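Quick notes on the structure that follows.
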Amino acid sequence: MPIKMLKNLNLLTANTILTGNLRITISLLILFLISCNSPSISEKFVGNISIIPRPWKVKKNSGFFKSKHLSIKEGSIKEIELFKNQIREYYPETNLFSNKNTSNNFKITLEDQLDVESSYYELKISDDSIKIKGSKKGVFYGLQTLFQLITLNNNNVDQQLTLPCIEIKDKNTFQHRGFLMDCCRHFFSVKTIKKYLDLLSIYKMNVLHWHLTEDQGWRIESGKYPKLNSIGSWRKDSLKKYGGYYTKKEIKEIVKYASDRYIEVIPEIELPGHSQAAIASYPYLSCKDEIINVSNSWGVFKDIYCAGNDSVFTFLENIFQEITEIFPSDRIHIGGDEAPKFRWENCEKCQKRIKDEGLKNEHELQNYFIERVARILERKNKKIIGWDEINESSIKGDVTIQSWRGFTGGIKAVKEGKKVIMSPTSHCYFDYEIKSIDLEKVYSFNPIPKGLNPSEKKLIIGGECNLWSERIPNEKELDRKAFPRLLAISEVLWSKNEKDYKGFQNRVQDHYNILNKLKVNYGIEANPVNIKLKNEDFKNKVVINSKVKNLNFSYHWGDGIFKKLQEKQTLEIKKSGDLTVQAFKDGNKYGDIEIKKFAIHLALNKKIKYDKLYSESYPSEGKSSLTNGELGSLDFKDGLWQGFSGSDINVIIDLDSIIKVNNISMNFYQYINSWIVLPKYISIMSSKDSINWEKSEKIKSFGNTKKRGKFIKKASFKNLELEVRYLKIFAKNIKKLPSWHEAAGSGSWLFIDEIIVE
Ligand code: ACM
Ligand code: ZN
């Protein structure tokens with residue numbers, strides 16, 4: 001029933017008491033009115049408390065807080081102003097902050113007994129009042145929770161603001177909750193960055209790791225080195241000029257905007273690698289001192305800062321002077337990843353440095369480089385963060401290691417007493433497609449690996465999601481890659497480690513409303529189509545499963561004639577072929593078309609014995625993967641390729657009985673930028689009893705590490721005329737990449753999808 005009276009709920013006078021010991025108590029006023037003719041809450045409405053990240057403690061009480069207007073009368077602090085602006089921006093149609101009347105039911109208390117740095121806050125919504133208590137930072141987070149509750153519960157605030165009665169006590173788990181934005185591979189406007197700062201603050205993330213220098217562009221204004229901007233900020237992309245840079249004024253504006261939202265901006269100045277744009281501007285910074293272009297392709301490049309030339313360190317010292325004047329954070333990220341040593345190996349100055357400093361090799365020279373930069377920054381009262389490569393030698397002091405090549409680098413670092421930010425490619429690379437890192441995978445991320453003692457665990461200060469922008473040309477694509485996955489990492493880093501994916505996924509559905517309000521072009525939660533081949537009643541059947549609810553599918557077998565298919569419905573297949581599937585939700589296409597290649601052959605579902613197992617990072621389906629009939633796509637992260645890091649492939653297939661075999665084939669993958677190579681050679685042997693092995697067939701000179709790009713190459717052994725039960729397959733890994741490809745000793749990978757026996 002509509003409430004038929006105008007009710008002035010509460011009135012509060014604001015007071016601000018500032019004492020010598022900085023005790024601050026500010027009580028603020030917000031006016032809440034329940035107006036005539038406002039509709040009642042529907043009988044079914046119970047109140048939505050789907051807050052992300054999930055608060056530490058939540059107690060839902062019965063009843064509702066109801067009001068038509070909010071009005072802050074006086075005693076305002078910056079945090080309240082931001083909140084007011086947020087409400088005005090996202091509810092422009094409302095008149096929530098009208099000054100028609102006053103009430104005393106919104107009270108904010110800043111408490112000095114709380115650590116000023118603490119994110120802890122308490123939020124209590126009763127039927128006649130809202131109270132938030134905390135340090136300024138805590139109050140800020142409390143207001144963000146309130147913003148979420150308003151959005152979750154009010155499609156139309158114009159009618160009446162309704163909030164469920166609730167008591168929340170909340171605090172963060174990790175101190176470093178980061179988001180890496182790469183503005184070098186593609187350039188993003190100040191407006192886009194601010195939109196992201198808004199989003200980060202709503203989801204209680206507190207670090208913008210801002211990647212600002214790269215092979216493909218230098219993005220910071222420099223007074224001392226103007227060519228960094230006139231040359232280094234621009235590249236030629238298919239005949240047009242692409243690029244830009246942020247002026248110091250814009251950077252200061254972004255840093256201030258972030259800091260108002262309790263977000264620290266950490267600039268990343270890449271060195272000694274990923275520095276081609278700087279070298280293009282000032283060639284003397286490189287070993288060869290030759291003119292090169294700002295790179296217009298993606299990858300790892302051999303031209304890096306010369307480590308033997310003192311003027312490189314003078315350049316860096318001057319650059320860091322400019323950087324430290326505009327970035328107040330006490331931490332600077334200096335990269336350190338993917339620095340090929342090819343130029344250093346062939347540079348007189350670098351070799352002289354190795355000799356003069358008594359270094360063993362180029363890896364120790366990288367350590368020398370990083371240490372020397374760390375000392376420069378130390379003199380400017382800054383600490384360094386670097387990718388895990390910087391910890392391969394014996395770097396010392398207060399450095400933070402960002403572990404990206406899995407958890408291993410981070411584990412090593414904490415055992416040496418260093419601080420660690422975890423951002424392994426397995427869970428945190430949001431530039432990867434949803435097929436390889438879906439929402440559930442991100443949600444399953446635990447920055448603290450097993451086996452650490454309590455003091456080692458403490459050194460893991462948090463995690464970051466990375467959005468490298470090679471394949472993110474605009475804000476729309478950035479949104480699609482970042483969301484909804486950012487919601488999962490926000491919960492991983494803020495909330496208690498008590499996982500409940502179903503519950504989380506349900507809450508995510510409610511947040512699409514918030515994301516719509518913030519004009520986020522979010523992507524999908526998971527690959528909509530999971531196509532599996534299974535053997536049932538001696539038949540090969542394809543079945544489609546989906547992690548996404550309420551989808552329909554249509555499919556064809558290469559003839560382009562689509563037929564309808566329901567989830568879990570099976571299709572029998574009798575021969576090898578390609579299945580094309582498109583998912584639909586509410587009549588609209590959901591996700592991209594999926595093409596899956598199947599091979600029906602004699603070794604299907606037969607057992608394989610491994611001499612040395614595949615890598616844990618690329619297990620595919622484990623021991624059944626190479627005979628499951630499913631072939632990989634051109635995306636090596638599609639879960640169908642099995643990867644072997646630095647080792648050969650050496651397996652034995654048991655065909656169960658002696659049979660005739662004529663042809664054996666297998667696919668290998670190469671993508672030199674990710675150090676995945678074709679095998680040097682492949683050999684096969686056969687046996688009837690697994691004791692006596694017969695002659696070896698060999699494909700020599702199979703690989704070619706000079707060929708760039710992603711491609712699949714098939715190795716075929718034909719007309720074998722074997723009578724055989726066991727097959728031994730051996731593929732030789734080249735192990736060591738040509739040195740200019742080699743990024744700090746990661747070694748080469750072999751990738752294989754299936755061993756097809758016919
Ligand atoms: C990285 O992804 N190269 C840190
Ligand atoms: Zn050099």
Side-chain angles (χ1 to χ4, degrees), residues 178 180-182 184-185 209-216 266 268-275 279 282-290 298-313 315-316 333-357 359 361-362 365-366 368-369 372 385-392 400-410 420-432 437 463-472 617 637 673-675 739-746:
L180 181 152
M181 195 162 179
D182 171 8
C184 299
R185 273 54 176 263
H209 171 169
W210 198 6
H211 190 74
L212 284 167
T213 73
E214 250 308 333
D215 298 311
Q216 295 85 3
I266 302 178
E268 181 178 352
I269 312 300
E270 269 271 17
L271 52 90
H274 290 289
S275 48
I279 292 168
Y282 296 98
Y284 75 86
L285 298 171
S286 68
C287 292
K288 291 192 77 164
D289 193 1
E290 282 173 2
W298 317 129
V300 173
F301 301 94
K302 57 189 168 207
D303 285 299
I304 68 173
Y305 291 125
C306 176
N309 183 350
D310 283 337
S311 52
V312 168
F313 296 96
F315 165 82
L316 290 171
H333 203 300
I334 58 163
D337 60 324
E338 300 180 321
K341 306 298 181 291
F342 180 74
R343 292 287 188 231
W344 290 359
E345 283 163 8
N346 297 290
C347 168
E348 270 176 28
K349 284 177 283 197
C350 285
Q351 291 306 314
K352 181 168 183 311
R353 179 84 78 199
I354 288 177
K355 206 158 147 249
D356 292 352
E357 296 292 329
L359 306 172
N361 52 30
E362 290 72 23
L365 184 57
Q366 156 127 348
Y368 165 88
F369 198 111
R372 197 159 158 182
I385 306 175
W387 298 108
D388 56 55
E389 282 96 330
I390 74 164
N391 204 31
E392 276 175 1
T400 302
I401 303 299
Q402 183 161 6
S403 191
W404 71 282
R405 295 174 302 173
F407 293 84
T408 327
V420 163
I421 298 158
M422 283 292 184
S423 56
T425 49
S426 53
H427 297 78
C428 296
Y429 272 48
F430 290 7
D431 51 311
Y432 289 10
I437 302 183
E464 269 187 33
C465 55
N466 297 345
L467 278 128
W468 299 107
S469 67
E470 287 95 332
R471 282 160 200 91
I472 305 181
S617 305
K637 300 187 216 94
N673 286 11
S674 294
W675 317 299
S739 68
W740 73 269
H741 285 307
E742 196 179 344
S746 7

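None of these values were measured; they are calculated from a predicted model. Whatever order the structure lists them in is the order used to number ligands and atoms, beginning at 1.
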Inset, instruction - Could you grab the distance from atom CG of L212 to atom CD1 of I269, nearest 0.5 Å is fine? - result: 6.0 Å

Inset, instruction - State which residues pass side chain to side chain donor-acceptor pair (under 3.5 Å) with E268; sequence neighbours excluded, sorted by chain then number. - result: H209, H211, W387

Legend entry - Protein residues that have a heavy atom under 4.0 Å from any atom of ligand 1, sorted by chain and number: D337, E338, W387, W404, Y429, W468

Inset, instruction - Would you give the length of the straight line joining atom CG of L285 to atom CG of D303, rounded to the nearest 0.5 angstrom? - result: 11.5 Å

Inset, instruction - Give, for atom CG of D215 and atom SG of C184, the distance between the pair rounded to the nearest 0.5 Å. - result: 9.5 Å

Legend entry - Around the Zn ion (ligand 2), number of protein N/O/S atoms which are nearer than 2.8 Å: 4

Legend entry - Separation of R353 CZ from W344 CH2 (nearest 0.5 Å): 10.5 Å

Inset, instruction - Taking only Lys NZ, Arg NE, NH1 and NH2, and the carboxylate oxygens of Asp or Glu, determine whether D431 and R471 approach each other closer than 4.0 Å. - result: no

Legend entry - I279 side chain near S275 side chain, heavy-atom distance below 4.5 Å: yes

Inset, instruction - List for me each residue that meets side chain to side chain contact (heavy atoms under 4.5 Å, CB included) alongside T400, sequence neighbours excluded, and say none if there are none. - result: I385, K419, I421, I461

Legend entry - Polar contact flag, side-chain donor to acceptor under 3.5 angstrom, W404-E389: yes

